[in-house]
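First comes the structure, then the notes that go with it.
The first residue of the sequence shown is numbered 1, and numbering continues consecutively from there. Small disclaimer: the values here were computed from a predicted structure and weren't measured.
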Amino acid sequence: METMKILKWSVILLALLLAGMALVPMVNADDLLAISEDGTTNSLLVIDTKTTIVASGVNASSMNSQILANSYQNLNVPKTVSKFDIAQFDTIQLNTDGENRIPVTINGKPQILILKRMNFENIDDGIDSYSGKIEGMDDSLALFTFGGKVVQGYVEIGNETITIAPAENRANTEKAAYPLHIVYSSKDTLTSEKATTVDHGLAKLPPGVKLSAKSLEPGPSAPAAVNGWATVNILIATDNAFYTQESNWVSSANQIMSMVSYQYDRADIQVIFNVVSYDASKRTQLSNSPSITTDPLGVFHTYFPASYLNTNNADIAVYLGGYDKKGSDAGTQGAAWGYANYPNEYCRYAWSQMVVDTDDGLPIHVYDGSLHARRYCVIHELGHIFNANHEDSSGTNRAYVWYTPLPQYTVMWSGYFGSSFNTHEYSSPSYHGDSTHNNAAAINAVKSNIAAII
């Protein structure tokens with residue numbers, strides 16, 4: 001009888017999904033259903049009692065996937081994800097002051113997720129990020145963001161990462177009681193033998209702005225470590241495109257910043273980020289600029305001048321861009337004028353592309369606008385603000401590559417191959433690197449200057 005009940009509900013839920021309804025009711029944990037294309041009931045990650053698996057094992061190239069995309073307009077599935085689950089989540093409220101122990105099921109195995117709230121912002125918007133691990137797995141990493149009707153999750157276990165990301169745009173999310181999410185594994189993502197360029201080094205300054213003699217100097221050959229922590233205030237802005245295409249752009253920014261904070265929270269870096277504002281107040285002005293796709297960094301500076309950053313108590317600012325860059329530098333995913341311009345105001349700005357790059361000429365768009373790609377680009381451009389540089393730097397502030405046996409690139413590497421190759425960490429002798437490939441030391445040497453801008 002129970003088997004017949006499950007089959008009956010499975011047919012009903014699948015019919016609702018293919019009919020394109022914007023809402024599938026949540027069910028109790030005892031009735032948790034997984035409808036797979038191969039007929040199995042396995043799913044990647046379930047937060048127990050809070051998750052409904054609407055469909056599992058959906059192949060991106062299948063008819064079901066196309067029907068899904070047609071039924072749910074603007075469904076956000078990264079182009080490199082070949083297979084995924086569709087899930088919905090009930091409201092999840094955690095203790096913000098202490099440890100949270102959350103029962104989860106990962107690849108069919110019960111686990112306990114241990115999370116604590118992160119401290120990179122203190123904005124009362126109901127959206128918070130948490131970091132932690134899987135109980136009993138000290139080498140695991142978990143970063144989750146809850147609030148704004150959506151869940152964002154990232155779990156590293158061994159050589160696999162599992163990502164939870166909201167899949168609907170803002171308008172559909174606001175209408176739906178339980179918005180759709182995708183859940184996918186790094187084992188089900190495509191890669192390419194050719195990298196997408198993140199940037200070509202430091203961005204050119206606007207016309208009429210000259211480099212100082214100091215700006216022409218190479219990075220320090222042996223930067224001295226700075227003892228103690230430095231707190232850097234950061235403003236995060238966006239445009240209309242990213243604002244509307246995301247389920248909740250503040251939640252997405254939070255999840256990006258969770259990895260930023262995690263990477264800077266190291267003994268050889270010791271930087272604390274404090275988000276002073278998630279600023280969408282100028283999104284229409286940014287989007288209406290005729291130069292937004294050719295010079296997004298310059299447009300960002302125009303509408304967010306140094307005086308605006310000062311008023312908002314922001315040392316630095318990052319623009320999460322919703323447009324694919326065009327023009328002479330098409331194919332790059334980010335830009336920053338960098339620390340070479342310190343103490344000039346141009347050291348304070350970075351732009352990072354949040355959407356798939358369509359001008360790389362590859363059958364597979366390596367820069368796919370996925371969570372991994374977004375984080376890589378943001379951390380990379382922030383690194384330039386803190387004087388970290390590419391693999392071809394003339395100083396010791398360089399990126400590093402090692403082999404496992406596949407090549408693994410630290411985050412300042414100028415080319416992005418995908419989540420299987422590019423890591424989010426900065427090079428250093430304590431992590432991956434050595435005395436001549438030491439992004440962390442460069443960041444550590446200048447952090448106090450950046451923190452003292454405001």
Side-chain angles (χ1 to χ4, degrees), residues 47 50 89-102 113-132 142-154 164-166 168-171 173-179 181 229-240 242-265 271-284 286 304 308-320 322 352 354 371 374-375 378 382 451 453-454:
I47 300 175
K50 298 294 185 180
F89 296 91
D90 204 350
T91 301
I92 300 172
Q93 295 181 335
L94 300 186
N95 175 16
T96 59
D97 296 324
E99 182 178 278
N100 295 273
R101 296 174 58 84
I102 305 169
L113 185 62
I114 301 175
L115 295 176
K116 290 185 178 180
R117 185 181 181 275
M118 302 185 78
N119 64 350
F120 59 79
E121 55 108 311
N122 193 31
I123 299 172
D124 186 16
D125 56 8
I127 300 173
D128 293 297
S129 292
Y130 297 78
S131 65
L143 298 171
F144 278 77
T145 301
F146 300 102
K149 297 179 70 174
V150 296
V151 173
Q152 311 242 13
Y154 178 85
I164 299 173
E168 299 193 68
N169 61 24
R170 186 180 188 90
T173 297
E174 290 176 345
K175 291 185 294 185
Y178 304 106
H181 297 66
W229 291 84
T231 298
V232 175
N233 292 341
I234 181 171
L235 179 147
I236 302 175
T238 197
D239 51 41
N240 264 336
F242 191 63
Y243 180 88
T244 57
Q245 75 188 10
E246 291 295 290
S247 292
N248 185 303
W249 90 273
V250 174
S251 172
S252 297
N254 257 266
Q255 185 64 347
I256 291 170
M257 283 302 301
S258 68
M259 182 61 81
V260 172
S261 178
Y262 179 79
Q263 294 300 332
Y264 277 79
D265 186 16
V271 169
I272 298 172
F273 280 102
N274 175 46
V275 179
V276 296
S277 177
Y278 299 103
D279 195 330
S281 66
K282 298 176 182 288
R283 64 183 188 275
T284 300
L286 289 171
F304 290 80
Y308 187 87
L309 300 191
N310 296 345
T311 299
N312 285 272
N313 198 36
D315 298 304
I316 62 175
V318 175
Y319 165 31
L320 306 183
S352 182
M354 297 289 102
L371 175 61
R374 291 172 176 180
R375 284 172 165 171
V378 171
L382 284 174
I453 291 176
I454 295 297

Where is the tightest heavy-atom contact between [X] and [Y], given as atom of each residue plus distance?
X	Y	answer
I123	E121	N-OE1, 2.8 Å
K149	A176	NZ-O, 2.5 Å
G98	N100	O-ND2, 3.4 Å
A253	I236	CB-CG2, 4.3 Å
D239	R283	C-CB, 3.4 Å
S261	F120	CB-CD2, 3.8 Å

Just so I know, are the side chains of [X] and [Y] near enough to count as touching, which here means a heavy-atom distance under 4.5 Å?
X	Y	result
L382	I234	yes
I256	M354	yes
W229	D265	yes
I127	Q255	no
Y264	I272	no
M257	V275	yes
D279	Y308	yes
M259	L143	yes

Distance in Å, [X] [atom1] paired with [Y] [atom2], rounded so as to fall on 0.5 Å steps:
X	Y	atom1	atom2	result
E246	L320	CD	CG	9.5 Å
I453	D315	CD1	CG	5.5 Å
S277	N233	OG	CG	11.5 Å
Y178	K50	OH	NZ	9.5 Å
N240	Q245	CG	CD	11.0 Å
L94	Y130	CG	OH	4.5 Å

Can you name the residues that form a ring-ring contact (aromatic ring centres under 6.0 Å, His included) with [X], not counting sequence neighbours?
X	result
F144	F146
Y278	none
Y154	none

| request: Assess whether atom NZ of K282 is packed by more than 12 heavy atoms of other residues, nucleotides or ligands within 6.0 Å. | output: yes
**Prompt:** Going by atom types only, do T145 and Q152 share a side-chain donor-acceptor pair under 3.5 Å?
**Reply:** no
Partners meeting salt bridge (Lys or Arg N to Asp or Glu O under 4.0 Å) with [X] (sequence neighbours left out):
X	answer
D128	R117
E174	R170
R375	none

Legend entry - Donor-acceptor contact below 3.5 Å, side chain H181 vs main chain F89: no
